[in-house]
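Accompanying notes for the structure given below.
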Amino acid sequence: MSMIADFYGGKSILITGATGFLGKVLMEKLFRTSPDLRVIYILVRPKAGQTLQQRVFQILNSKLFEKVKEVCPNVHEKIRAISADLNQNDFAISKEDMQELLSYTNIIFHCAATVRFDDHLRHAVQLNVTATQQLLLMASQMPNLEAFIHISTAFSNCNLKHIDEVIYPCPVEPKKIIDSMEWLDDAIIDEITPKLIGDRPNTYTYTKALGEMVVQQESGKLNIAIIRPSIVGATWQEPFPGWVDNINGPTGLIVAAGKGFLRSIRATPMAVADLIPADIVVNLTLAVGWYTAVHRPKSTLIYHCTSGSLNPCNWGKMGIQVLATFEKIPLERAFRRPKADFTTNNVTTQYWNAVSHRAPAIIYDFYLRLTGRKPRMTKLMNRLLRTLSMLEYFINRSWEWSTYNTEMLMSKLSPEDQRVFNFDVRQLNWLEYIENYVLGVKKYLLKEDMAGIPEAKQHLKRLRNIHYLFNTALFLIAWRLLIARSQVARNVWFFIVSFCYKFLSYFRASSTLKV
Ligand SMILES: CCCCCCCCCCCCCCCCCCCCCCCC(=O)SCCNC(=O)CCNC(=O)[C@H](O)C(C)(C)COP(=O)(O)OP(=O)(O)OC[C@H]1O[C@@H](n2cnc3c(N)ncnc32)[C@H](O)[C@@H]1OP(=O)(O)O
Ligand SMILES: NC(=O)C1=CN([C@@H]2O[C@H](COP(=O)(O)OP(=O)(O)OC[C@H]3O[C@@H](n4cnc5c(N)ncnc54)[C@H](OP(=O)(O)O)[C@@H]3O)[C@@H](O)[C@H]2O)C=CC1
């Protein structure tokens with residue numbers, strides 16, 4: 001019997017960010033392993049013209065929840081969507097809903113965040129810092145609360161090279177930042193943002209660090225733990241391999257490489273690719289929830305959920321395996337053949353951006369205009385280049401995260417819990433994982449049918465022929481222009497032609513003699 005699964009039985013659990021990538025995997029696992037839990041409250045906002053109910057319905061009817069429906073047929077009754085916007089005061093939760101949450105909640109998993117790297121500081125502070133503070137305030141009024149689990153990121157201290165499982169202070173107190181966001185106007189915030197974030201690359205990592213400080217400062221008598229995952233990728237094993245449904249992190253670049261948009265990337269092949277599968281993060285999160293509630297550690301423990309120190313993979317190995325998988329299982333309707341390379345300095349990056357990214361986009365848009373269609377490739381390419389520039393920081397450096405608490409927790413688990421809530425990244429085979437990741441991108445994110453693979457391969461052959469034809473034409477045009485303008489080129493051309501003529505004559509003469 002799993003002690004962790006047993007622990008969540010009969011519990012009322014509050015999840016923020018349950019409609020996000022990690023939140024969905026967390027909910028799925030909870031329902032599947034503890035179908036007798038009392039209720040999962042999720043704070044949801046209406047979005048993209050969908051009501052709360054429609055959003056929940058869509059999640060529960062997705063492929064991810066297929067197994068849940070077998071073990072927990074009444075899952076619809078056990079999920080309670082509460083209308084909430086974390087950007088609003090008291091999260092804009094109704095009085096009745098708030099009363100219910102305060103009275104019944106036993107465990108909180110706080111996953112909601114803005115994960116955009118380029119978010120305006122005011123918005124990032126509101127969601128990643130102020131909302132965390134408000135949630136802690138709510139938590140302190142919950143008489144039955146047993147644990148509060150805060151999801152942070154391993155990159156909240158990415159300005160350091162070696163990161164321990166401790167909270168590092170930021171130069172300016174979170175409270176001062178929160179206050180100043182209330183009265184400073186956008187222009188001034190824009191001006192001071194670089195100074196505030198200092199040697200961090202973006203507002204995301206900075207506000208996640210502030211969020212951790214808030215958790216530490218406002219923890220009061222609460223049982224709190226912080227989990228710091230590195231780069232969360234598709235699922236490894238559960239509920240099935242390769243599940244992913246958004247384009248954050250490496251996923252967007254995998255799509256871009258498979259569709260042939262991404263041809264070169266400024267990355268350090270030997271730098272550690274600290275990816276961590278979503279199901280490992282979720283298993284650790286549930287184990288931490290159990291441990292924090294049952295064992296009540298004296299201080300707030302921080303758990304690093306990273307792979308680099310236990311089972312390292314690097315970007316070079318990952319890139320090669322991504323491309324190898326696309327050879328076997330290509331994506332449909334690719335723009336160009338999947339063929340990408342790493343660049344290591346600014347000059348080569350600029351060169352390949354011009355030649356392999358911008359030029360083909362301009363040519364294709366020209367073709368679209370000629371055929372009476374709306375050009376779109378240049379815009380798409382600019383977006384890709386912007387994304388690349390934002391991710392570059394993370395693919396050209398390596399970090400060391402200590403994993404003392406995570407390993408300690410693993411040793412406290414029974415063999416059954418180590419199996420059911422496996423977060424031992426040492427067992428992961430990277431090549432197999434990356435292949436399943438790419439396959440998952442094709443199936444679950446892009447919703448492409450596997451039956452379309454032969455046609456996708458045919459399409460790539462056509463693209464190869466167009467490529468050869470284009471290069472030959474380009475060469476001939478360039479050569480023709482050169483001959484017209486340069487005496488040296490004409491002499492070289494004359495020399496090559498006469499050499500070929502002599503060689504052919506000699507070959508013909510010698511074969512005539514033999515006869
Ligand atoms: C030798 C061989 C070499 C071969 C190499 C080639 C192989 C290639 C594979 C290798 C992969 C290497 C990958 C490295 C990746 C490293 C990632 C490192 C990340 C470290 C993260 C730290 C961990 C965290 O804690 S954060 C969580 C991760 N967060 C993110 O990833 C957010 C990043 N994104 C952003 O900040 C923004 O989206 C941005 C700035 C990149 C782009 O903003 P922009 O305004 O330009 O676009 P958007 O408006 O945001 O969106 C455009 C478009 O896309 C839709 N969309 C956006 N997000 C999603 C989503 N999550 N899911 C689905 N769709 C999304 C959006 O709706 C827009 O669509 P429209 O139709 O245009 O409206
Ligand atoms: N993905 C990754 O690589 C990593 C993620 N993390 C952390 O994990 C957590 C989850 O990330 P992930 O699932 O990837 O992120 P997603 O962007 O997929 O999900 C974010 C969630 O937050 C919710 N949210 C955002 N704004 C609001 C709001 N104003 N009111 C209510 N809900 C809101 C979103 O709701 P909605 O659907 O309505 O937008 C969504 O459910 C975050 O704390 C992140 O920092 C840490 C390391 C790496």
Side-chain angles (χ1 to χ4, degrees), residues 14-28 41-52 54-56 58-59 64 81-93 108-117 119 122-132 134-135 149-158 163 202-212 214-215 226-235 243-253 273-282 284-285 302-307 390-391 394 399 401 437 445:
L14 168 61
I15 303 181
T16 70
T19 50
F21 174 48
L22 213 54
K24 279 185 267 195
V25 183
L26 176 67
M27 235 181 356
E28 193 278 341
Y41 297 113
I42 59 173
L43 302 189
V44 194
R45 53 181 174 171
K47 201 179 174 190
Q50 283 186 310
T51 62
L52 254 60
Q54 285 167 331
R55 293 194 74 185
V56 174
Q58 197 177 27
I59 294 174
L64 182 71
I82 291 187
S83 176
D85 184 345
L86 272 63
N87 284 324
Q88 308 289 324
N89 253 350
D90 284 337
F91 301 156
I93 297 177
I108 297 178
F109 293 109
H110 179 34
C111 300
T114 166
V115 301
R116 284 187 72 97
F117 294 153
D119 222 344
R122 188 196 302 283
H123 185 244
V125 167
Q126 174 58 48
L127 205 57
N128 296 349
V129 193
T130 315
T132 303
Q134 273 203 53
L135 191 65
I149 311 303
H150 174 74
I151 309 294
S152 186
T153 163
F155 294 96
S156 55
N157 301 292
C158 59
I163 301 153
N202 51 43
T203 53
Y204 170 68
T205 49
Y206 175 63
T207 53
K208 289 297 277 189
L210 289 178
E212 290 185 3
V214 162
V215 170
I226 296 177
I227 297 176
R228 288 186 184 149
S230 47
I231 303 170
V232 183
T235 54
W243 184 82
V244 60
D245 77 340
N246 76 18
I247 58 161
N248 282 340
T251 312
L253 295 193
D274 209 300
L275 246 67
I276 192 84
D279 46 343
I280 289 196
V281 182
V282 159
L284 174 69
T285 303
I302 292 141
Y303 298 85
H304 282 163
C305 192
T306 54
S307 56
M390 302 237 171
L391 298 182
F394 300 95
W399 287 266
W401 286 278
Y437 193 158
L445 175 68

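Both ligands and their constituent atoms are indexed starting at 1 by order of listing. Not measured: the values here are computed from a predicted model.
Using a distance-only test at 3.5 Å, with no hydrogens or angles considered, a donor-acceptor pair links the side chain of Trp399 to the main chain of Cys158. Within the 3.5 Å criterion, the main-chain N or O of Thr251 finds no donor-acceptor partner in the side chain of Asn248. Judged purely by atom type and a 3.5 angstrom limit, Thr16 has no side-chain atom pairing as donor or acceptor with the backbone of Leu43. A donor-acceptor contact shorter than 3.5 Å links the side chain of Thr235 to the backbone of Trp243. With Thr306 contributing its side chain and Ser230 its backbone, the two residues share no donor-acceptor pair below 3.5 Å. Remark: side-chain polar atoms of Asn157 are not paired, donor with acceptor, to backbone N or O of Ala209 under 3.5 angstrom.
The closest non-hydrogen atom to atom 28 (C) of ligand 2, taken over Leu86, Asn248, Thr205, Leu43, comes from Leu86. Summarising the contacts of atom 37 (O) of ligand 2 with Lys47, Arg55, Gln88, the nearest heavy atom is found in Arg55. The heavy atom nearest to atom 7 (C) of ligand 2, considering only Ser152, Ala113, Cys111, Ala92, is found in Ser152.
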### Query
Going through the distances and angles, do Gln134 and Asn89 end up as a side-chain contact (heavy atoms from CB on, under 4.5 Å)?
CA-CA 8 Å; Gln134 273 203 53; Asn89 253 350; 4.0 Å; yes
### Residues His123, Arg116; criterion side-chain contact (heavy atoms from CB on, under 4.5 Å); working and verdict
CA-CA 10 Å; His123 185 244; Arg116 284 187 72 97; over 6 Å; no
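Taking distance alone, with nitrogen or oxygen atoms compared against 3.5 Å, Gly23 stays at or beyond that limit from ligand 2. Ligand 2 has a nitrogen or oxygen under 3.5 angstrom from a nitrogen or oxygen of Val232. Among the atoms of Leu127, none of the N or O lies under 3.5 angstrom from an N or O of ligand 2. Here's the thing with Thr19: one of its N/O atoms is less than 3.5 angstrom from an N/O atom of ligand 2.
Residues meeting the salt bridge (charged side-chain N to carboxylate O under 4.0 Å, His left out) test with Lys208, sequence neighbours left out: none. Residues forming a side-chain contact (heavy atoms from CB on, under 4.5 Å) with Thr19 (at least two apart in sequence, or on another chain): Val44, Arg55, Ile59.
Those atoms of ligand 2 with a heavy atom of Asn87 less than 4.0 angstrom away are 29 (N). Listed by atom number, the atoms of ligand 2 under 4.0 Å from Ala112 heavy atoms are 22 (O), 23 (C). For ligand 2, the atoms sitting less than 4.0 Å from at least one non-hydrogen atom of Asn246 are 18 (O), numbered in the order shown with element in parentheses. Of all atoms in ligand 2, numbered sequentially from 1 with element shown, those under 4.0 Å from a heavy atom of Ile151 are 7 (C), 8 (O), 9 (C), 43 (O). Ligand 2 places these atoms under 4.0 Å from at least one heavy atom of Thr153: 46 (C), 47 (C).
Taking the six-membered ring for Trp and the full ring otherwise, Phe117 and Phe155 have centroids separated by 6.0 Å or more.
If you look at Val115 next to ligand 2, the close heavy atoms, those under 4.0 Å, all belong to the side chain. With a 4.0 Å heavy-atom cut-off, ligand 2 is reached by the side chain of Lys208 but not by its N, CA, C or O.
At least one heavy atom of Ser230 sits under 4.0 Å from some atom of ligand 2. For the ligand labelled ligand 2, residue His110 lies outside the 4.0 Å heavy-atom shell. Residue-ligand proximity: Tyr204 is placed with a non-hydrogen atom under 4.0 Å from ligand 2.
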